[in-house]
2 protein chains.
Amino acid sequence: MAVKILVIEDEAAIREMVDMSLAAAGFEVFQAESGEEGFSLLNEHVPDLILLDWMLPGMSGIDFARRIKKDPLCSDIPVIMLTARGEEEDKVRGLDSGADDFVTKPFSPRELVSRIKAVLRRASPMSSEEVVEVDGLKLDPLSHRVTAHDNKVDMGPTEFRLLHFFMTHPERVFTRGQLLDNVWGTNVYVEERTVDVHIRRLRKAIAGSGHDRLVQTVRGAGYRFSAKP
Amino acid sequence: MAVKILVIEDEAAIREMVDMSLAAAGFEVFQAESGEEGFSLLNEHVPDLILLDWMLPGMSGIDFARRIKKDPLCSDIPVIMLTARGEEEDKVRGLDSGADDFVTKPFSPRELVSRIKAVLRRASPMSSEEVVEVDGLKLDPLSHRVTAHDNKVDMGPTEFRLLHFFMTHPERVFTRGQLLDNVWGTNVYVEERTVDVHIRRLRKAIAGSGHDRLVQTVRGAGYRFSAKP
DNA sequence: CGTCGAGGTGACAGTTTCGTGGCAACTGGT
DNA sequence: ACCAGTTGCCACGAAACTGTCACCTCGACG
C-alpha cells in the first residue's frame, strides 16, 4: 500500500527533483503545475499528503490550502508548504491556513523526505486504548500486552489485532471475509483460508490456561469469540 | 527537555494568544480544538500540564478531565481549567472535576504563565525533578546520574533522556515516532531507525546489572519499559 | 458405512522487522 | 589544530512474521 503524495509546484525543475526524491523514498507521486490541476487530480486519487508551493500562478498556495481544509473529504490530509524564504510572517499566515509544516527552499531531498515522514506519523494515531478482559484473559492495547491470569501470553501482531477485534466484539459470528476487512484491512487481497491459519495460531497462543474454547468455530459461517461453550 | 503543555481550546484567537504567551515563556505547546483531538495528541506527546477549556464542542472539559484522571498513566498530569467569568465559574469549581487550578477568561498572559508555573511547582515532583526508581535502577534528573544498586551507570545525554522518558511512562508501548517526538523533540527530523540505535546503546549501558530486559521490543509496534517479563 | 465438504495442522519460502558493528560528521574542551 | 565523546545513519545478518499449500481430521448426511 504505497503512500501517495500530491506535489503542486509550478517550477518544472523543482517538481522533477522532488518527484525523484520521493519516488526513491518509496512514495507514489502525483504532479500538478497549478492549483486547478491539483484539484482535478484530487478527484482521481486521494493522496495521503500534499506538498504545496507557496507561490503559484493563479490560485495561491494559501487559497488552495484553505479550500482543502473546507472539503470534509480532504480536510484531514496533511499539507506541507514549500516557501522561498524563511520569512516569519509568511510562516504565521501559513499556519492559520492549516499547513502542517514548512520547508524552505532550497532544501535537501533528505530533509524533505524526513519531514514528510514526520508529518505522516503524526497524522495517524493508534487505535483504542481501553483494556479488555474476558474470563481472566486480559488485553491491554496501551502496553500492547496480553495476560492470562497475570501470565504473559505471546503472539504475533496479526494474532494480537485479531484477538483485540474479537474481544471488542464478543458473542458474534464473523465470516472470514469480515475478519479480513476488520483485522487485515480493506483493499488487501488475502486468501480466506489464511484466516484459519491465524485462528489456529491465536488458539495455540492462548491455549495454555484453559482459554482455548474462547475462539469457536461456527461451521459453514465463520468464527466467534465467546466465554460460553 | 522543554516543559510540554497541551492546550485544548476551541476558539482559535484564544488558542493562538495562549500559544504565543507560553512559547515566549519557554514552554513547548501542543494545540487541540476538541477533546477528541486532545486525546489523540495525548497519545503522541505526553504533556507535563494540560490547559483545558471548560466549554468545548462535543466532549466537555469536565468529561475530558474525568477521563484523564481515570487513566492511571495520565492521572498525574496536572490540569488547569479555563472558565468564562460569570455564573459558570462557581458551578465548575463546585464540581469534582479533578482540576488543579482555574483561570477565568479574560486573563493576562502574565497571569496565566505564573499560574502554570505555580501548578507545575506544586504538582510536578513526579514529572521532572524527582528521582525515579524501578527494580534497583535509579535515575536522578537533578544530578543527572543513573545508578544500578548504587553502581554508577554511564550513558550519553540522549540515552539519559530516553531512559527518563521510559521510566516516567512505564508499562506502555511507544512507537518510534512517539519516542522521537517526546525524547528528541517535535521539530527534529531524524530517521525512525535511529531510535533502534539508541535503544541498543541504552540497553548496553544498563545491561551490566541484569537490568536489560527492562527495555522491551514489541514487534511491529515499538518499545516498552517494564519490569515484568 | 462411505462420501464429501469444511475446517485443522504442520511445513515452507518470501518478506518484514530488528539487532549490531562501524563510520563520518559534529561538538566542546585543551 | 587535536582529541575524546556523542550522534545520526547505513549495511549486513539474524530472527520473527506472513501467506500458501498439501495433507489430514472431523462432522453431517444419505
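The figures here come from the full heavy-atom set of this structure, side chains too, leaving out hydrogens, waters and symmetry mates. We name chains A, B, ... by the order of the sequence lines, and we start the count at 1 in each one.
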Could you give the [atom1]-to-[atom2] distance, from [X] to [N], as a whole number of Å?
X         : N       : atom1 : atom2 : value
Arg200(B) : dG22(C) : CZ    : P     : 10 Å
Leu180(A) : dT18(D) : CG    : C1'   : 13 Å
Leu162(B) : dT6(D)  : CG    : P     : 15 Å
Leu179(B) : dG8(D)  : CG    : P     : 13 Å
His198(B) : dG21(C) : NE2   : C1'   : 15 Å
Leu202(B) : dG8(D)  : CG    : C1'   : 17 Å
Asp196(B) : dC10(D) : CG    : C1'   : 12 Å
Lys117(A) : dG8(D)  : NZ    : C1'   : 14 Å

Salt bridge flag under 4.0 Å for residues Arg176(B) and Asp196(B): yes
Which nucleotide, [options], lies nearest any side-chain atom of [X]?
X         : options                  : result
Trp184(A) : dG8(D), dG8(C), dG19(D)  : dG19(D)
Arg219(B) : dT17(C), dG19(D), dG8(C) : dT17(C)
Glu191(B) : dC10(D), dT6(D), dT20(C) : dC10(D)
Arg193(B) : dG19(C), dC17(D), dT6(D) : dG19(C)
Tyr223(B) : dG19(C), dG7(C), dT7(D)  : dG19(C)

Report which part of the nucleic acid [X] touches: base, sugar-phosphate, or nothing (heavy-atom distance under 4.0 Å, all strands).
X         : answer
Arg203(B) : sugar-phosphate
Arg176(A) : sugar-phosphate
Glu159(A) : sugar-phosphate

Is it the case that the ring center of Phe39(A) lies less than 6.0 angstrom away from the ring center of Phe64(A)? yes
Nearest nucleotide by nearest heavy atom, which residue falls closer to the 5' end of DNA chain D, Val197(A) or Arg201(B)? Arg201(B)
Both Tyr189(A) and Ser114(A) contact DNA chain D. Which one's nearest nucleotide lies toward the 5' end? Ser114(A)
Side-chain donor/acceptor of Arg203(A) to backbone N/O of Val215(A), under 3.5 Å: yes
If you assign Thr217(B) and Thr217(A) each to the DNA chain C nucleotide with the nearest heavy atom, which residue ends up on the more 5' nucleotide? Thr217(A)
Let me spell it out: for each of Gly220(A) and Lys204(A), pick the nucleotide of DNA chain C with the closest heavy atom. Which residue's pick is nearer the 5' end? Gly220(A)
Does one side chain, of Arg201(A) or Thr158(A), offer a donor that lies under 3.5 Å from an acceptor on the other? no
Tyr189(B) vs Glu191(B), side chain to side chain donor-acceptor pair (under 3.5 Å): CA-CA, chis, key distance, verdict: CA-CA 7 Å; Tyr189(B) 305 98; Glu191(B) 289 293 320; over 6 Å; no
